[in-house]
Amino acid sequence: MTNTRKKLVILDLDETLIHATKEPLDRVWDFEVYGYKVYKRPGLEEFLLSLTKHFEVAVWSSASDEYVEAIVKVIFPADYPLKFVWGRSKCTLQLNKKAVEESGYSDYSHLNYVKMLKKVHQLGFGDLDNMLIVDDTPHKSQHNYGNAIYPSVFMGDRGDNELLWLDRYLGTLIDAKNIRKIEKRFWRKEIIEKFKS
Ligand SMILES: [Mg+2]
């Protein structure tokens with residue numbers, strides 16, 4: 001039996017869909033928000049349009065709510081059906097255990113805003129076995145292990161093709177029964193091999 005409920009894909013913004021920087025790169029930026037020069041990840045428009053055909057889509061970033069709203073306004077088409085757009089106010093402040101272990105001490109600098117997926121469930125946006133979170137920063141999704149897909153970090157590289165591969169990979173998950181039972185750590189390698197054969 002296949003799963004007929006559309007899955008929810010929750011997208012991060014910075015370094016996943018865009019790269020925003022105060023200091024411009026060696027080329028002209030795509031747009032500017034709150035003093036940041038913003039570069040769109042290559043293939044962004046195509047990726048978003050493809051995604052909404054088979055998935056429910058939402059945005060969750062740990063940046064300020066105002067910044068998130070401003071970025072979403074520019075990169076998503078006006079009539080794009082977004083389930084929700086969340087910023088830092090929906091994140092949970094938590095100690096980054098890995099950073100503490102590595103440094104040998106613990107202070108405020110090790111506090112991070114993390115995204116707790118159970119909040120998405122609690123607020124009525126679906127079941128955990130039916131949602132995915134796409135985030136370039138694993139520790140921000142550390143509580144969402146079975147739901148997370150980690151794309152590479154986008155720093156503005158014009159030759160980047162991560163969204164193309166991500167689109168193809170997500171296509172293989174449309175009918176998955178329980179997203180949490182699928183090994184996703186090696187997603188890029190898997191999908192590249194699939195397309196080679
Ligand atoms: Mg990010």
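Order of listing sets the numbers, starting from 1, for every ligand and every atom in it. The first residue in the sequence is number 1, and the count goes up from there.
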The Mg ion (ligand 1) contact by Asp136, N, O or S atom under 2.8 Å: yes

Sub-6.0 Å ring centroid separation between Tyr169 and Trp187: yes

Tyr150-Asp12 side chain donor-acceptor pair, cut-off 3.5 Å: no

Considering only N, O or S atoms, which atom of Asp12 is nearest to the Mg ion (ligand 1)? OD2

Return yes when atom NZ of Lys118 has more than 12 non-hydrogen atoms of other residues, nucleotides or ligands closer than 6.0 Å, and no otherwise. no

Can a cation-pi geometry be assigned to Arg168 and Phe195, taking NZ or CZ under 6.0 Å from the six-membered ring centre and within 45° of the ring axis? yes

Specify whether an N/O/S atom of Asp14 falls short of 2.8 Å from the Mg ion (ligand 1). yes

